Amino acid sequence: MKNYITTPIYYVNGEAHIGHAYTTFIADTLARHSRLVGNETYFLTGTDEHGQKIEEAAKKLEKPTQQFADEISATFKNLWDEFDISYDQFIRTTDPKHMQGVQAAFEKMVAKGDIYKDFYEGNYCVSCETFFPESQLMDGGCCPDCGRATTIVKEESYFFRLSKYEQPLMDYYEAHSDFILPKSRKNEVISFVKGGLHDLSVTRTSFTWGVPVPASLNDNKHVMYVWLDALMNYVTALGYGHDEAKMGFWPANTQLVGKDILRFHAIYWPAFLMSLDLPLPKRIGAHGWWTRDGEKMSKSKGNVVDPREVAHHYGVENLRYFMMREVPFGQDGDFSQRALIDRMNSDLSNDLGNLLNRVIGMSEKYSDFSIDSVNVLKYHTKEIEDAHAILGTLETYLNDLQFHRYLEELWKVFTIGNKAIEEHAPWVKIKEGRNEEALATVALVANLLAKASVMLHGVMPKTTATIADALGFEITTQNYQELIINKKLLQLFTIKKVPPLFPRVDEPLMQEAPKAMIEEAPKAPKEEKSLKTEAPSADGLIAIDQFFQTSLKIGMVVEAEEVPKSSKLLKLQVDLGEGTLRQIVAGIREHYSAESLIGTQVCVVANLKPAKLMGMVSEGMLLAAKDSDGLSLIRPEKPRVIGSVIG
RNA sequence: GUCAGGGUAGCUCAGCUGGUUAGAGCACUGGUCUCAUAAGCCGGGGGUCGGGGGUUCGAGUCCCCCCUCUGACACCA
C-alpha cells in the first residue's frame with residue numbers, strides 16, 4: 001500500500017516555532033509507523049517562498065529575494081535534520097520543477113475552462129482610491145468615506161471558477177465523512193461553503209515574486225496567487241507537470257495542516273484537484289495551536305517556545321511524546337515545563353523506563369541477563385492476551401489521528417507489565433526455588449516491552465531503538481509482523497544493560513518565560529485580503545506637512561454604548577471641544593467595555609471623512625495600538641484640555 | 001448578530017441509541033513489596049454531572065428557557 005503524508009509548506013517569513021515542530025512531529029510519526037508496517041511511504045515537507053510579503057521582507061534587509069528565501073528555508077531544513085525528521089523530500093516553491101508544475105496545472109485549468117480572465121469589478125471611489133463592498137456604501141451608492149458617488153471600476157485578473165465546484169465539494173464532504181478531521185472543523189468548512197463560493201482571483205499584477213502565468217498565455221505581467229502556487233506543491237513534489245514518476249503516491253493519505261489554513265486545504269485545494277481531474281486526498285487533519293503557560297505566544301511577550309531550546313534541555317523525543325500525548329488532535333494545547341516534566345516523570349520514567357530497569361535488574365540477578373520465553377505462555381497467557389487486545393486497537397487511533405488516545409492505550413501495556421511483576425513477585429519465587437516461574441515472568445515483561453516498543457517506534461524512534469537494543473532485537477518490519485501481527489514472542493535473547501532511559505526531572509531546566517508584558521513596538525500584522533487591491537505606498541516616508549494634514553485631538557468620551565448585532569463595535573459620543581459631540585463608531589468592544597470608557601480621554605483623528613458602519617455614521621477614529629495579544633487605546637499620559645491638538 | 005460545538009472530581013478529559021451506588025489519568029493521601037529511576041502495586045478522599053423548568057417508572061444522557069466558554073462567518077475608519 002502506498003502512503004503519502006504531507007505537512008504544509010512553511011512560509012519563510014519567520015523561523016520555525018513549536019507549532020511547526022508539532023505538525024512535523026505528527027507527520028514524522030505517521031511516516032515512521034507507516035514504513036514500519038511495510039507501507040510504501042512518502043513524506044513531504046518544505047517551504048513556501050513566494051508572495052509580496054517575502055519580497056518586501058527581503059527588501060527591508062536589502063537582500064536579494066532569492067537569497068533571503070534560501071536562508072530562511074535552510075533554517076527549517078536544518079531544524080528538521082537536527083530533529084531527525086524522516087522526510088523523503090523537502091520541497092521549495094522556488095524549485096524550478098515546482099514552478100513548471102504549477103504552470104502546467106494552470107494551463108490545464110485554462111484548457112478545462114476553469115480559469116478565465118476578467119476584472120475585479122467593484123464600487124470604486126476615485127478620490128479615495130479604494131474599492132468598497134456593496135454593504136459599506138452609503139445610500140445611493142456613495143462612498144462611505146467622502147460621500148461622493150462611486151463608480152464601477154475594473155482591474156484585470158485571472159479567476160478560477162470556484163463557484164462551479166460548490167456543489168461537487170458539498171457532495172464530496174457528504175460522501176466522505178472522514179475527509180476533514182476533527183469533525184468540528186468539518187462543520188465549519190461546510191457552513192463556509194454553504195455561504196456561497198465566489199470565483200477566486202488567482203493572479204496578481206502588483207508584485208513579481210511568484211510563478212509567472214504560463215508563457216502560452218502571453219501575459220507576463222500576471223504572477224500567480226501564492227495559494228495556488230503553494231497548494232500545488234503536494235503534487236508537483238511527486239512530479240506533476242514534469243516527471244510524473246512518483247504520481248503513484250497521489251492521492252495523499254494524510255495532509256496535515258494548522259487550523260488557520262484549513263479553508264485553503266479543504267475548499268480551494270480540492271476544487272483545484274477536481275479541476276485537474278486528480279483524486280482528492282483521503283483526509284485533511286487540522287491541528288490546534290500551542291499556548292505557553294496558558295498564554296498566547298507572541299514575539300512581543302517574548303514567550304515564544306523555541307523547539308530547539310526545549311529539545312536541547314529535555315530531548316526531542318520527550319518533546320514529541322509530550323506534544324502528542326498531552327493534547328487531543330485538533331484542540332489547542334498548552335506548553336508548560338511543569339506539564340512536560342510531569343509527563344516525563346510519570347509516563348516515561350515511572351511507567352516505561354523503570355519497567356525496563358526492573359527487567360534488566362531481575363534478569364541480571366536471576367539468569368545472568370539471559371531470557372527464555374519458553375514458559376511465558378505456560379504462566380502468563382492472560383497478560384499476553386490482554387496486551388494483544390490493546391496492541392490490536394492502536395492502529396485505529398493512529399488512523400483517526402487520535403494520538404493522545406493511542407499513547408494512552410499503549411501505556412496500558414506497561415501497566416500490565418508492572419502489575420504482573422507485582423503479582424508474581426519473581427524475587428519470592430526465586431527464594432522458593434521456583435525459578436521456572438520467576439524467569440517466565442521476567443520473560444513476559446521483556447516481551448511486553450518489546451511489543452510496546454514496536455508500536456511506540458513512530459513517536460520515539462531513537463528511544464525505542466535503545467529499548468530494542470537492550471532486549472536484543474531490532475525494530476523492523478519483519479519484527480512488527482512477528483510480534484504484533486503474528487503475536488509471536490521473542491525466543492532466546494540476552495539483555496544488555498543500559499542506563500536509565502528517562503532520568504527523573506525535578507526542577508525546570510529552562511528559564512521560564514517572562515511573566516510581565518514588556519512594552520515593545522507592537523506589530524499589527526495586517527491580514528492579506530485576497531480580493532482587495534493593496535494600498536500603493538511610495539518610499540514610505542512623508543513630509544511633515546503631510547503629517548499635519550491629519551488633525552489629531554484629545555477628546556473626552558461622554559457617552560458609550562454597545563452596537564447591537566455587532567461583537568466589535570462601540571458607539572461613542574466624544575467631546576472634542578467643538579460645542580457639539582462627535583459620534584464615533586470604534587471596533588474595540590472586545591477590549592473595552594462601554595462604561596469603562598465614559599469619562600476617559602482618548603486621541604481622535606478629527607478630520608476623517610465620515611464613514612458608515614453597520615448603518616451608523618462615524619465621524620472620527622480613535623487611536624489604538626494592536627498586536628497579537630490585544631488592543632490598547634492611545635491616551636494622553638495626563639488629562640489635557642478637551643480639544644487639545646496632538647502633534 | 002448568525003451558525004456550530006462545549007460547560008462532568010483540584011487539573012485534563014471518557015461517558016454510544018436514557019436504566020443498578022457517575023468513570024480514567026495526573027495531583028493529593030493511607031498501606032505495602034523490594035526486581036526497579038523514593039519507581040511499582042493495593043486502597044482512599046473528593047463531583048447536587050453550568051442554573052432552572054419539563055417529559056419519563058427512571059436523565060449527565062431527551063425537550064424548553066437562561067447563564068457562560070470556544071470556534072467559523074459577518075463586522076472591526
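Owing to the predicted nature of the structure, the values given are computational and were not obtained by experimental measurement. Sequence lines set the chain letters: A, B, ... in the order given, protein chains first and strands last, and positions in each chain run from 1.
- Across all strands shown, A/Gln331 has heavy atoms under 4.0 Å from sugar-phosphate atoms exclusively, and none from any base.
- Counting any heavy atom pair closer than 4.0 Å across all strands shown, A/Pro426 reaches no nucleic acid atom.
- Among the protein residues, A/Gly353 comes within range of the nucleic acid bases, having at least one heavy atom under 4.0 Å from a base atom.
- The gap from the P atom of B/G54 to that of B/G60 amounts to 15 Å, rounded to the nearest Å.
- Within the nucleic acid shown, A/Asp342 has no heavy atom closer than 4.0 Å to any nucleic acid atom.
- With the nearest nucleotide of RNA chain B identified for both A/Leu501 and A/Pro328, A/Pro328 has the one nearer the 5' end.
- Between A/Glu432 and A/Lys429, no side-chain nitrogen of the basic residue sits less than 4.0 Å from a carboxylate oxygen of the acidic one, so the salt-bridge criterion is not met.
- With a 3.5 Å ceiling on both atom-pair distances, the Watson-Crick or G-U wobble partner of B/C26 is B/G10.
- Using a 4.0 Å heavy-atom distance criterion, A/Ser184 is classed as making no nucleic acid contact.
- Between A/Glu437 and A/Arg434 there is a salt bridge, with a side-chain nitrogen of the basic residue lying less than 4.0 Å from a carboxylate oxygen of the acidic one.
- B/G50 and B/G45 have their C1' atoms separated by 24 Å, given to the nearest Å.
- B/C66 and B/C41: their P atoms are spaced 49 Å apart (whole Å).
- When both pairing distances are held under 3.5 Å, B/A39 makes no Watson-Crick or G-U pair with any nucleotide shown.
- For A/Asn357 against B/A36, no side-chain N or O and base N or O form a donor-acceptor pair under 3.5 Å.
- Counting non-hydrogen atoms under 4.0 angstrom, A/Arg185 reaches the backbone sugars and phosphates but no base.
- Contact check, A/Arg504 against B/A39: a side-chain N or O comes under 4.0 Å of OP1 or OP2.
- The residues A/Asp293 and A/Arg338 are annotated as not salt-bridged, no charged nitrogen and carboxylate oxygen being separated by less than 4.0 angstrom.
- Comparing B/U70 with B/G53, their P atoms are spaced 28 Å from each other, to the whole Å.
- Contact annotation for A/Leu622: no contact, since no heavy-atom pair falls under 4.0 Å across all strands.
- Between A/Lys186 and B/A72 there is no side-chain N or O to OP1 or OP2 distance below 4.0 Å.
- OP1 or OP2 of B/A72 has not a single side-chain nitrogen or oxygen of A/Lys194 nearer than 4.0 Å.
- Base pairing of B/G5 is made with B/C69, judged by Watson-Crick or G-U wobble geometry with both donor-acceptor distances under 3.5 Å.
- Among the heavy atoms of the strands lying under 4.0 Å from A/Phe502 is at least one base atom, whether or not backbone atoms are also near.
- For B/G25, its base never sits under 3.5 Å from the side chain of A/Glu408 at any donor and acceptor pair.
- Remark: A/Lys419 does not engage A/Glu383 in a salt bridge, criterion side-chain N to carboxylate O under 4.0 Å.
- Going from the P atom of B/A27 to that of B/A38 covers 15 Å, rounded to whole Å.
- Using a 4.0 Å cut-off between charged nitrogen and carboxylate oxygen, A/Glu422 and A/Arg358 count as a salt-bridge pair.
- Ion pairing between A/Arg405 and A/Glu408 holds under the 4.0 Å rule for side-chain N and carboxylate O.
- Spacing between B/C26 and B/U20 at atom P, rounded to whole Å, works out to 27 Å.
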